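Each remark here refers to the structure printed beneath this line.
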Amino acid sequence: MNCNRFAYDFDVIVVGGGHAGIEAAHAAAKMGSKTLLITLSPEKIGVMPCNPAVGGVGKGHIVFEISALGGLMPKLCTKTYLQARMLNTRKGPAVQGLRLQIDKYAYNALSSSIMMNLANLTVVAGSVNEILVDATTRALKGVKTHDGSVYTAPSTVITTGTFLNGLLHIGDVKKVGGRQGEDAALGLSASLANLGLKLGRLKTGTPPRLLRSSLDFSKMEKQEADNLDYLFEFYPHKVTNTRDCYITYTNATTHEIIRKNLHLSAMYSGNIKGIGPRYCPSIEDKISRFADKTSHHVFVEPEGANTEEIYPNGLSTSLPYEVQKQYIQSIKGFEEAIIVRPGYAVEYDYVSPEQLNHTLEVKKIPGLFLAGQINGTTGYEEAAGQGIVAGINAHLKAHQQSPFILDRNESYIGIMIDDLVSLGVDEPYRMFTSRAERRLLLRQDNTFLRLTDRAYQLGLIDKQLYHDFSQEKSLVQNTLSDLRAGHNNSELLKLFGELECDTENLKKHAKQELTQRSIQIIHAEIRYEPYIQREEKEAQKAAIYKDLSIPDTLDYRTMPGLSKELQEKLLKYKPATIAQAALIQGMTPAALSLLIFKTRIHPKTT
């Protein structure tokens with residue numbers, strides 16, 4: 001329970017009650033740290049200011065990993081989802097992604113309730129404007145809020161999201177704020193800069209919200225829900241919630257309206273200096289950058305079970321209200337649409353993440369951790385993934401225990417953190433399965449096999465869950481051993497199917513009853529066996545040569561085996577070692593092998 005006694009001294013302080021802050025505070029408190037969560041509005045913990053959904057391709061992998069580590073986001077999703085869909089089902093299991101449409105109001109209410117009643121956690125309303133550091137050791141001492149209150153702790157996690165010096169834009173109208181209707185976090189940027197940290201400016205945005213009763217859904221395509229046995233959590237959950245989602249499209253008229261008014265967009269008028277997300281662009285960016293496209297998808301999604309607000313996913317904008325109204329009403333099904341709230345862009349400060357260790361601790365300031373959009377990422381999932389790692393390490397730091405680090409060959413969270421701290425960002429970072437060099441090893445179905453043992457060692461999951469997990473783990477391992485003892489891989493593929501698993505046939509050959517997830521794991525292991533073996537060998541090779549220095553005189557332009565894009569990226573980033581080259585997005589195992597070979601035969605300079 002929360003303490004009624006007002007206390008100043010804690011083990012871990014978490015600043016910010018968004019998705020990163022929730023996971024950081026939850027993990028630290030669950031591990032036994034006396035934890036303080038400072039947030040602008042305790043009743044708005046877990047608010048979803050943008051799209052009311054969690055998961056997707058790449059992002060869904062992160063949520064599964066949060067689940068395996070005992071995090072809160074998957075549990076919140078199970079209790080508040082409106083529709084469940086598995087994306088990319090026509091492709092292999094390594095690149096599929098679970099996405100849940102969420103009741104954002106129920107999610108917020110449940111988040112606040114759980115955090116306000118969590119053992120070892122105190123929640124206070126406030127705004128931090130100063131990080132307190134020991135003048136001699138440079139180690140963190142605590143934080144100071146705007147009202148002058150001082151809270152001390154050996155570990156603090158900053159998770160300010162888009163609130164850090166936040167500025168909202170609708171056309172040429174500017175307003176200070178982290179999101180609509182809320183104040184920005186002012187003063188903290190100056191404190192971070194005074195501590196010697198390098199800051200930058202990024203931008204994100206959101207579309208206008210529409211009144212459900214003003215839309216004509218008969219003109220749109222219905223998006224059906226999937227009947228799934230499991231969501232993000234370990235235990236099965238038969239999908240029952242099925243709220244309708246729809247798809248419509250922009251058209252030539254829409255594009256012409258936007259094109260004529262581009263100069264009025266805050267992004268194009270020069271009012272916004274921050275860099276926006278390339279992979280989740282505003283509708284203005286889409287029209288400008290993809291001028292040859294005659295239409296774009298608009299995903300029409302409910303914001304909650306008991307609200308009239310609809311989220312038109314794909315129409316993020318900072319155009320003036322009147323222009324938003326014009327282009328919205330040019331879209332099929334939106335002809336009579338009423339805008340409940342206009343879309344807007346938000347510009348905010350971030351800290352260049354290469355200043356962090358893999359624990360997400362600031363290199364220059366022992367005890368200070370950063371997680372979420374402050375590190376240059378975008379999305380609830382990326383924020384939550386960082387939050388749980390930062391929270392775990394904040395607890396471990398406070399109690400003088402060894403740090404917790406996820407390797408990029410064992411998790412998508414590890415990939416994300418490695419990318420951030422090794423390469424930094426020049427635009428908001430978003431997770432894709434293409435960022436994983438070993439994606440066949442990092443599937444959704446085997447997430448618990450990869451990470452649950454580590455979570456149990458940290459005390460993040462209970463004994464019953466670990467017992468049930470251990471039984472499933474043994475079941476999978478024993479079944480695979482039995483099957484491989486009697487058949488080679490080609491024979492198994494014929495028996496159980498190469499693309500789609502022959503579930504009934506597999507069950508017949510198993511000695512024990514299999515869960516649906518066990519079946520998925522077994523089939524994926526059989527299907528991908530030769531490729532997995534190859535990936536494991538490539539991982540071993542990369543590990544052997546990771547510290548191999550790349551000569552400054554190596555000419556990438558004379559390597560015909562490298563794509564033009566990779567040549568340009570190598571010239572831009574100038575990696576000093578093979579390990580750094582491996583982090584460059586788009587670097588393939590074949591290209592890395594070529595780079596290793598060329599480096600090894602390159603004449604040594606004296």
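Predicted model, so just to flag it, every value in this text is computed and none were measured.
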Notebook entry, point to check: Between Glu381 (side chain) and Gly60 (backbone), is there a donor-acceptor pair under 3.5 Å?
Noted result: no
Checklist line | Min side-chain heavy-atom separation Gln324-Ile170 under 4.5 Å | finding: yes
Next item on the list: Could you tell me which non-hydrogen atom of Pro208 sits nearest to which non-hydrogen atom of Tyr327, and how far apart they are?
Entry: CD-OH, 4.2 Å
Notebook entry, point to check: Are the ring centres of His19 and Tyr107 closer than 6.0 Å?
Noted result: yes
Notebook entry, point to check: Would you say Asn88's side chain and Val95's backbone share a donor-acceptor pair under 3.5 angstrom?
Noted result: yes
Notebook entry, point to check: Which distance, rounded to the nearest 0.5 Å, do you find between the CG of Leu595 and the CG of Leu554?
Noted result: 6.5 Å
Check: Should we say atom CZ of Phe217 is surrounded by more than 12 heavy atoms from elsewhere, each under 6.0 Å from it?
Finding: yes
Check: Salt bridge between Glu335 and Lys219, side-chain N to carboxylate O under 4.0 Å?
Finding: yes
Notebook entry, point to check: Taking 4.0 angstrom as the limit, do Arg408 and Asp418 come out as a salt bridge?
Noted result: yes
Check: Counting N and O atoms only, with roles assigned by atom type, does the side chain of Lys175 sit under 3.5 Å from a partner on the main chain of Leu168, one being a donor and the other an acceptor?
Finding: no
Checklist line | Distance, nearest 0.5 Å, that separates CD1 of Ile413 from CG of Leu69 | finding: 5.5 Å
Checklist line | Donor-acceptor contact present, side-chain Arg450 to main-chain Glu410, <3.5 Å | finding: yes
Notebook entry, point to check: Do you see a donor-acceptor pair shorter than 3.5 Å between the side chains of Ser111 and Asn108?
Noted result: no
Next item on the list: Measure across Phe334 and Ile328 and return the closest heavy-atom pair with its distance rounded to 0.1 Å.
Entry: CB-O, 3.0 Å
Next item on the list: Using the side-chain contact (heavy atoms from CB on, under 4.5 Å) rule, take Val351 and Lys198 through it: C-alpha gap first, then chi angles, then the decisive distance, then the call.
Entry: CA-CA 6 Å; Val351 175; Lys198 176 187 172 186; over 6 Å; no
Check: What pair of heavy atoms forms the shortest contact from Lys286 to Gly314, and how long is it?
Finding: NZ-O, 3.0 Å
Checklist line | Salt-bridge present (Glu301, Arg243; N to O < 4.0 Å) | finding: no
Check: On the ring face of Tyr412, is Arg439 found with NZ or CZ under 6.0 Å from the centre and within 45° of the axis?
Finding: no
Notebook entry, point to check: Are the side chain of Asp216 and the backbone of Ser218 linked by a donor-acceptor contact shorter than 3.5 Å?
Noted result: yes
Notebook entry, point to check: Strictly by modelled atom types, are Ser189 and Asp349 linked by a side-chain donor-acceptor pair under 3.5 Å?
Noted result: yes
Checklist line | Aromatic ring proximity Tyr249/His297, centre distance under 6.0 Å | finding: yes
Next item on the list: Show your working on side-chain hydrogen bond (donor to acceptor under 3.5 Å, both in side chains) between Arg209 and Thr206 and close with a plain yes or no.
Entry: CA-CA 9 Å; Arg209 291 351 187 243; Thr206 189; 2.7 Å; yes
Margin query: Atom CD of residue position Glu336 - does it have more than 12 heavy atoms of other residues, nucleotides or ligands inside 6.0 Å?
Written below: no
Notebook entry, point to check: Which pair of heavy atoms, one from Pro575 and one from Ala581, lies closest together, and at what distance?
Noted result: CB-N, 3.5 Å
Check: Looking at Lys572 and Asp426, does any basic side-chain N land under 4.0 Å from a carboxylate oxygen?
Finding: yes
Notebook entry, point to check: Okay, side chain of Ser67, backbone of Phe232: is any donor-acceptor separation there less than 3.5 Å?
Noted result: yes
Check: Judged by modelled atom types alone, do Thr248 and Glu221 share a side-chain donor-acceptor pair under 3.5 Å?
Finding: no
Check: Between His523 and Tyr528, is the ring centre distance below 6.0 Å?
Finding: no
Check: Between Gln444 (side chain) and Leu98 (backbone), is there a donor-acceptor pair under 3.5 Å?
Finding: yes
Next item on the list: Begin with the C-alpha distance, continue with both residues' side-chain angles, and end with the deciding distance and a verdict on side-chain contact (heavy atoms from CB on, under 4.5 Å) for His255 and Ile258.
Entry: CA-CA 5 Å; His255 295 195; Ile258 293 169; 5.5 Å; no
Check: Should we count NZ of Lys332 as having more than 12 external heavy atoms under 6.0 Å?
Finding: no
Next item on the list: Could you check if a side-chain atom of Leu167 sits within less than 4.5 angstrom of a side-chain atom of Tyr348, using non-hydrogen atoms only?
Entry: no
Item checked: Ser282/Ser316 under side-chain hydrogen bond (donor to acceptor under 3.5 Å, both in side chains): CA gap, chis, key distance, verdict -> CA-CA 5 Å; Ser282 66; Ser316 173; 5.7 Å; no
Checklist line | Minimum side-chain heavy-atom gap Lys222-Ile247 below 4.5 Å | finding: no
Margin query: If you apply the rule side-chain contact (heavy atoms from CB on, under 4.5 Å), what do you find for Arg201 with Asn165, and how did you get there?
Written below: CA-CA 9 Å; Arg201 199 86 168 140; Asn165 244 5; 3.6 Å; yes
Note to self: Less than 4.0 angstrom from a charged side-chain N to a carboxylate O is my criterion; do Arg517 and Asp445 meet it?
What the structure shows: no
Checklist line | Any side-chain heavy-atom pair of Tyr321 and Val323 under 4.5 Å | finding: no
Notebook entry, point to check: What do you reckon, is CD of Glu498 surrounded by more than 12 foreign heavy atoms closer than 6.0 Å?
Noted result: no
Notebook entry, point to check: Is any side-chain N of the basic residue among Glu382 and Lys59 closer than 4.0 Å to the acidic one's carboxylate O?
Noted result: yes
Note to self: What verdict does the side-chain contact (heavy atoms from CB on, under 4.5 Å) test give for Ile417 and Leu360, after you've listed the backbone C-alpha separation in whole Å, the side-chain angles of each residue and the deciding distance to 0.1 Å?
What the structure shows: CA-CA 8 Å; Ile417 292 173; Leu360 295 179; 4.0 Å; yes
Next item on the list: Output yes when a side-chain donor or acceptor of Asp103 lies under 3.5 Å from a complementary backbone atom of Thr80, and no otherwise.
Entry: no
Next item on the list: Would you give the length of the straight line joining atom OH of Tyr531 to atom CG of Leu441, rounded to the nearest 0.5 angstrom?
Entry: 14.5 Å
Checklist line | Donor-acceptor contact below 3.5 Å, side chain Gln83 vs main chain Pro302 | finding: no
Next item on the list: Count the heavy atoms of every other residue, nucleotide or ligand shown that sit under 6.0 Å from CZ of Arg557, and state whether that count exceeds 12.
Entry: no
Next item on the list: Measure the spacing between CD of Glu256 and CD of Gln326 and express it to the nearest 0.5 Å.
Entry: 11.5 Å
Next item on the list: Please step through side-chain hydrogen bond (donor to acceptor under 3.5 Å, both in side chains) for the pair Ser288 and Asp285, ending with a clear verdict.
Entry: CA-CA 5 Å; Ser288 178; Asp285 268 348; 5.8 Å; no
Item checked: Ion pair check, Glu309 and Arg341, cut-off under 4.0 Å -> yes
Margin query: Measuring only between side-chain heavy atoms, which start at C-beta, is Phe432 closer than 4.5 Å to His61?
Written below: no
Next item on the list: Would you kindly say whether Gln373 and Thr162 are connected by a side-chain donor-acceptor distance under 3.5 Å?
Entry: no
Note to self: Can you tell me how far apart NE2 (His237) and OH (Tyr230) are? Round to the nearest 0.5 Å.
What the structure shows: 12.5 Å
Margin query: Please report the interatomic distance CD1(Ile257) to OG1(Thr250), rounded to the nearest 0.5 Å.
Written below: 11.0 Å
Margin query: Regarding Lys203 and Glu427, does a basic nitrogen lie under 4.0 Å from an acidic carboxylate oxygen?
Written below: no
Margin query: Looking at every non-hydrogen atom in both residues, tell me the closest pair between Ile521 and Arg443 and how far apart they are.
Written below: O-NH2, 3.9 Å
Note to self: Checking Ser318 against Ser265: is there a side-chain donor and acceptor pair closer than 3.5 Å?
What the structure shows: yes
Notebook entry, point to check: Going by atom types only, do Thr89 and Gln96 share a side-chain donor-acceptor pair under 3.5 Å?
Noted result: no
Notebook entry, point to check: Is a donor on one side and an acceptor on the other found under 3.5 Å between the side chain of Asn375 and the backbone of Thr377?
Noted result: no
Check: What heavy-atom pair brings Met73 and Ala384 nearest, and what distance separates the two atoms?
Finding: CE-CB, 3.7 Å
